[in-house]
Amino acid sequence: MKNLDDSRIGALNWAILSALLMSLAWHLPGSTWCVLLGWCSCLALVLATRHRNASYATLLVAGFLQHLLGFYWIAGTAHEFGGFSTPLSVMVLVLFALSGSLQHIIFFFFFRRLPLFLDNVSARCAFAWVASEFLCPRIFPWHVGHTQIGFHWFAQVSDLSGVMLLSFTMVWVSEALISLALKGKSSGAFRAAIPACVLFCVVLTYGKWRWDTVNPLEGTPLDITAVQANISTEKKGDIRYFAENRDQYVAITEALTVRPELLIWPETVVQDFIFEKIGSVGHASKVPYFAERHLLTGALTFRSQKELFNSALSVFADGKVPVPYHKQILMPFGEYMPLASVFPWIQDLNPVAGGLTAGAEMVVTEYPALPPTTPRPFRVASLICYEDIVPSLAREAVSRGAELLVNLTNDAWFGDTVASRQHHMIAAFRAIETRRYLIRSTNSGFTAIVDPRGVTTASLAPFAEGSLRTQVHLRDDLTPFTGLVSTLPWLAFSLLTLLTAILPRR
């Protein structure tokens with residue numbers, strides 16, 4: 001397929017349109033509009049890339065504008081969570097947008113360097129885009145495929161090889177459609193479009209089959225209740241309110257009319273640092289305890305004076321407290337300052353930033369049986385804050401035997417923005433990839449239940465106090481993505497694309 005030659009609409013205009021459409025999709029997460037806008041953005045991206053006037057500058061503009069508009073809330077979060085001044089917060093957003101646009105630059109580099117015979121199957125953009133998605137590190141790891149969570153049949157293929165197969169399919173089909181539009185009804189255009197159409201049909205057929213065969217009601221039932229107290233960021237960060245904040249969760253819990261088997265409180269409800277190996281509630285009066293039901297809560301813990309953790313603390317119905325899971329992926333500029341250990345002056349830029357220690361490994365906690373309602377023990381893995389947008393952690397948890405995934409988070413730092421719903425849209429893919437229920441317990445929203453097909457079955461209104469009670473079903477099967485395939489195909493695919501792009505061409 002030759003480059004697009006259209007003097008009426010320039011490459012920059014297509015690039016800007018692609019950025020506007022994708023950022024708008026991320027402002028409507030999980031909706032039908034999000035699905036449609038995601039596809040339209042891919043079409044515009046292909047048009048911008050294949051235009052005769054396409055350049056690194058045009059793709060840089062697309063990436064920068066898309067990140068700036070789609071994730072505008074980064075500035076507010078840097079101010080609220082990181083403690084930065086307003087000018088510095090805006091600078092953080094600009095740097096974030098610039099770093100995010102690096103993916104578009106790498107994409108265009110790959111596109112320019114990949115062999116032209118890929119145009120015979122209209123796949124050069126698809127190869128270049130997915131390799132750039134996989135290889136380019138990002139603080140907020142979004143993918144084009146994430147916009148398709150509302151296209152239920154299409155999204156189900158994520159249990160094979162993750163969300164990247166959706167991205168690959170979307171860009172390949174878009175490129176094939178553009179090829180047909182440019183070449184008209186020639187036999188060559190139809191032949192070039194056939195592979196992409198076949199892939200789309202296979203993905204959709206598989207997705208329909210998985211949608212029909214994955215039964216969310218299959219497995220051992222478990223009654224859970226997630227509590228959302230909606231504590232403001234001001235009270236959350238004020239030591240004078242630590243006890244009051246915790247007592248608010250206790251009061252909501254004690255007012256429940258139905259006693260669940262597992263209570264779930266969000267991130268850092270217990271803000272008084274607790275020794276990680278207390279063993280039982282008798283050794284720490286500030287650890288909440290409810291007889292005849294298990295509790296999973298966010299807490300701050302310590303191992304030594306220098307090792308402080310953001311943790312998921314389990315309190316069993318008999319009062320025992322196992323060693324907690326410690327958050328492994330800390331939030332930069334909030335929980336720690338990047339490179340501060342190498343350059344101490346960096347910490348002075350933001351003295352209130354964290355000083356927390358990253359956990360070393362995934363922990364799957366086995367909760368004892370509660371006869372007669374819970375006849376057997378069950379295994380739960382916790383993901384703290386934005387760890388649920390990282391596929392590798394959920395995959396590791398399930399491979400270690402987790403039957404239920406729980407995310408403990410506090411998205412109040414995002415304020416009244418779309419960020420919490422964007423967070424939820426990405427996290428919902430963990431349920432599809434692992435075929436586990438995902439419970440998202442938050443301080444101020446978006447508290448929700450996602451079933452093994454990626455459908456949000458229940459949720460609480462944001463910025464409201466309440467509790468969410470439901471019955472989930474425990475599963476122990478492994479999907480190809482969690483058991484065998486993982487991301488190895490995409491690693492091999494991306495490295496091959498990289499080598500092809502950087503090696504000299506004849």
Side-chain angles (χ1 to χ4, degrees), residues 1-4 11-12 14-19 21-22 38-67 99-138 141-148 161-182 192-193 195-196 199-200 203 487 489-506:
M1 181 169 63
K2 296 180 179 180
N3 283 353
L4 182 66
L12 181 60
W14 284 120
I16 292 174
L17 179 61
S18 173
L21 290 171
M22 185 58 70
W39 280 96
C40 292
S41 176
C42 287
L43 290 168
L45 178 67
V46 172
L47 286 166
T49 306
R50 302 210 69 106
H51 198 282
R52 63 186 178 90
N53 292 328
S55 66
Y56 287 103
T58 58
L59 272 296
L60 173 65
V61 169
F64 179 78
L65 193 61
Q66 180 174 309
H67 285 80
S99 65
S101 62
L102 178 63
Q103 179 190 333
H104 283 68
I105 298 297
I106 295 174
F107 158 64
F108 192 64
F109 170 76
F110 285 159
F111 173 77
R112 295 283 298 271
R113 297 286 298 178
L114 285 174
L116 297 180
F117 69 76
L118 288 174
D119 288 343
N120 295 333
V121 289
S122 303
R124 192 149 53 111
C125 282
F127 275 61
W129 178 262
V130 172
S132 68
E133 256 195 1
F134 186 87
L135 294 174
C136 190
R138 287 163 294 176
W142 68 276
H143 294 276
V144 165
H146 283 135
T147 61
Q148 304 302 297
S161 56
V163 72
M164 292 194 66
L165 184 53
L166 299 179
S167 298
F168 182 73
T169 304
M170 291 173 69
V171 179
W172 196 1
V173 171
S174 297
E175 194 170 7
L177 292 175
I178 297 299
S179 176
L180 284 172
L182 293 178
L199 176 63
F200 180 75
V203 167
T487 56
W490 298 115
L491 174 62
F493 175 92
S494 300
L495 290 178
L496 180 61
T497 302
L498 176 63
L499 289 174
T500 304
I502 63 177
L503 289 177
R505 293 187 297 174
R506 294 181 180 180

Asks: Taking it one step at a time, do Phe493 and Phe168 satisfy ring pair (Phe, Tyr, Trp, His ring centres under 6.0 Å)?
Replies: CA-CA 11 Å; Phe493 175 92; Phe168 182 73; 5.7 Å; yes

Asks: If you look at every heavy atom in Ile178 and Val46, which pair is closest and at what distance?
Replies: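 Looking at all heavy atoms of both residues, the closest pair is CG1-CG1, 3.9 Å.
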
Asks: Using atom types as modelled, flag every donor-acceptor pair under 3.5 Å from a side chain in residues 100-109 to any protein atom, sequence neighbours excluded.
Replies:
| from | atom 1 | to | atom 2 | distance (Å) |
| --- | --- | --- | --- | --- |
| Ser101 | OG | Ala97 | O | 3.4 |
| Ser101 | OG | Leu98 | O | 2.6 |
| Gln103 | OE1 | Arg138 | NH1 | 2.9 |

Asks: Mind checking side-chain hydrogen bond (donor to acceptor under 3.5 Å, both in side chains) for Ser174 and listing every partner two or more places apart, or none if nothing turns up?
Replies: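 Ser174 satisfies side-chain hydrogen bond (donor to acceptor under 3.5 Å, both in side chains) with no other residue.
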
Asks: Between Phe64 and Val61, is any pair of side-chain heavy atoms under 4.5 Å apart?
Replies: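 No, their side chains stay 4.5 Å or more apart.
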
Asks: For residues Val171 and Phe127, determine if any side-chain heavy atom of one lies less than 4.5 Å from a side-chain heavy atom of the other.
Replies: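 Not in contact.
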
Asks: Show the numbers, then the answer: is there a side-chain contact (heavy atoms from CB on, under 4.5 Å) between Leu45 and Met170?
Replies: CA-CA 11 Å; Leu45 178 67; Met170 291 173 69; over 6 Å; no

Asks: How close do Ala62 and Ala15 get, heavy atom to heavy atom, and via which atoms?
Replies: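 Residues Ala62 and Ala15, closest heavy atoms: CB-O, 3.5 Å.
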
Asks: I want to check something: taking the side chain as every heavy atom from C-beta on, are Trp39 and Val173 in contact at a cut-off of under 4.5 Å?
Replies: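 In contact.
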
Asks: What are the two closest heavy atoms between Ser167 and His143, and how far apart are they?
Replies: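 It is OG-CB, 3.8 Å.
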
Asks: Can you give me the closest heavy-atom contact between Gln66 and Ser18, atom names plus distance?
Replies: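 Residues Gln66 and Ser18, closest heavy atoms: OE1-O, 4.3 Å.
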
Asks: Is there side-chain contact between Glu133 and Val163, with at least one heavy-atom pair below 4.5 Å?
Replies: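 No; the side chains remain at least 4.5 Å from each other.
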
Asks: Of all heavy-atom pairs between Ala196 and Ala176, which one has the smallest distance, and what is that distance?
Replies: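 Heavy-atom minimum between the residues: CB-CB, 3.8 Å.
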
Asks: Do Leu59 and Phe111 come within less than 4.5 Å of each other through their side chains, counting heavy atoms only?
Replies: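 When only atoms from C-beta onward are counted, Phe111 and Leu59 do not touch, as no gap falls below 4.5 Å.
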
Asks: Evaluate the side-chain proximity of Arg124 to Leu116: yes if any heavy-atom separation is below 4.5 Å, no if none is.
Replies: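 Yes, at least one pair of side-chain atoms sits under 4.5 Å.
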
